[in-house]
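Report on the structure given below.
Numbering of ligands and ligand atoms starts at 1, following listing order.
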Amino acid sequence: SQEKVDVLIYGPSKPVIDGGFPANFVLHKFENQHDLSRMTPDIAGRIRGVAVTGLVQADAVMLARLPKTEIVSSFGVGYDHIDFKYAAGNNIIVTNTPDVLTEEVADTALGLLIATVREFIKADRYLRAGHWTTQSFPLSPGSLRDRKVGMVGMGRIGQAIARRLDASLVPVVYHSRNPAKGVAYKHYPNLIEMAKDVDTLIAITPGGASTAKMINAEVLKALGPRGVLINVARGSVVDEEALIAALKDGTIMAAGLDVFAAEPQVPDALKTMQNVVLLPHIASASVTTRNAMDQLVVDNLKLWFAGKPPLTPIAETPVKGR
Ligand code: NDP
């Protein structure tokens, strides 16, 4: 019989994960940080693989309790919730779930942009309240027809969003630290300079220290009074207080947000505004795409413990010699 492999399943319970492992895998399920407190040292000492099945924090304290860990298979393409520096320093491979969610997230970004600019959610509320029977919905001040989009981030998902904008005949430019390979859109090394030249920003960068609050009061001011901000990246990328102030005083026109600084808490100031569309972090959240992400979390672990390279290791923890 095959050697037993003890795996920690950390996060919400899901069918593809729960039923996805071969018989020699011994699954130890812990839903959240609080739940981890019932993990005995005996179990902790046997864990060789970790599946992080939601956006739960896998920090150094948590990983240090699992000294035999070889691989952390994380759900989602962003991995700012994993201490990958600790992993890299302790010979632990981290994997994520890129590509399988790209088109879904790009669909959401474009849907959120149109819903925000054309006020779809407000119009839905108007109809349900019965106002249509007495008066037509007011014309939307915004339109995609006269807009130019500045992408903040032009990676896998940024490029998929840009393709959708191409189809909608909306001009696209972008900001990132380095020009993206094989991309013909104009590159701005400086975010403020780009914000001055466009009226719409779509954020789709990773979270973490290097992008923290990069969309700040100065950027929003440069975007200007017709400005629209769409954030499908991470809440940390935007200075949320500066955004609230800019939406209140007309520094920018509107925002569509899928992500927030302190999820699942969303500031009341945003919830009471009419010029924002708020989504509960659902950019990749369809059954089809979430199942594909869960499957990749499982496949990375299965391959690793079969002695093969995992499919999608992150750049910071490269796999050698498999
Ligand atoms: P990629 O790694 O392919 O692209 C990341 C892009 O961000 C690159 O263009 C990169 O360019 C740019 N970038 C990185 N750091 C910086 C920085 N400090 N300043 C400016 N630009 C930067 O990732 P994906 O496109 O696959 O995913 C992007 C992110 O989208 C994820 O990390 C995640 O945070 C978010 N996401 C959100 C989802 C949601 O549910 N709302 C779902 C999926 C993803 P360069 O390195 O040259 O700077």
*Main-chain N/O of Gly130 paired with Thr133 side-chain donor or acceptor, under 3.5 Å*: yes
*Does Tyr10 have its ring centroid less than 6.0 Å away from the ring centroid of Phe30?*
no
*Would you check if the distance from the ring center of His175 to the ring center of Tyr188 is below 6.0 Å?*
no
Could you give the side-chain donor-acceptor pairs of residues 271-282 under 3.5 Å, partners two or more places apart or in another chain?
residue	atom	partner	partner atom	Å
Thr272	OG1	Asp268	O	3.3
Thr272	OG1	Ala269	O	3.1
Asn275	ND2	Met253	O	2.9
His281	ND1	Glu263	OE1	2.8
His281	ND1	Glu263	OE2	3.4

*Could you pull out every protein residue that has a heavy atom closer than 4.0 Å to ligand 1, ordered by chain and then number?*
Val77, Gly78, Val105, Gly153, Met154, Gly155, Arg156, Ile157, His175, Ser176, Arg177, Asn178, Ile204, Thr205, Pro206, Gly207, Ser210, Thr211, Met214, Val232, Ala233, Arg234, Asp258, Val259, His281, Ala283
*What pairs of residues pass the salt bridge (Lys or Arg N to Asp or Glu O under 4.0 Å) test when at least one of them lies in residues 272-296, not counting sequence neighbours?*
Lys14-Asp294
*Which residues satisfy the side-chain hydrogen bond (donor to acceptor under 3.5 Å, both in side chains) test with Asp35, sequence neighbours excluded?*
Arg38
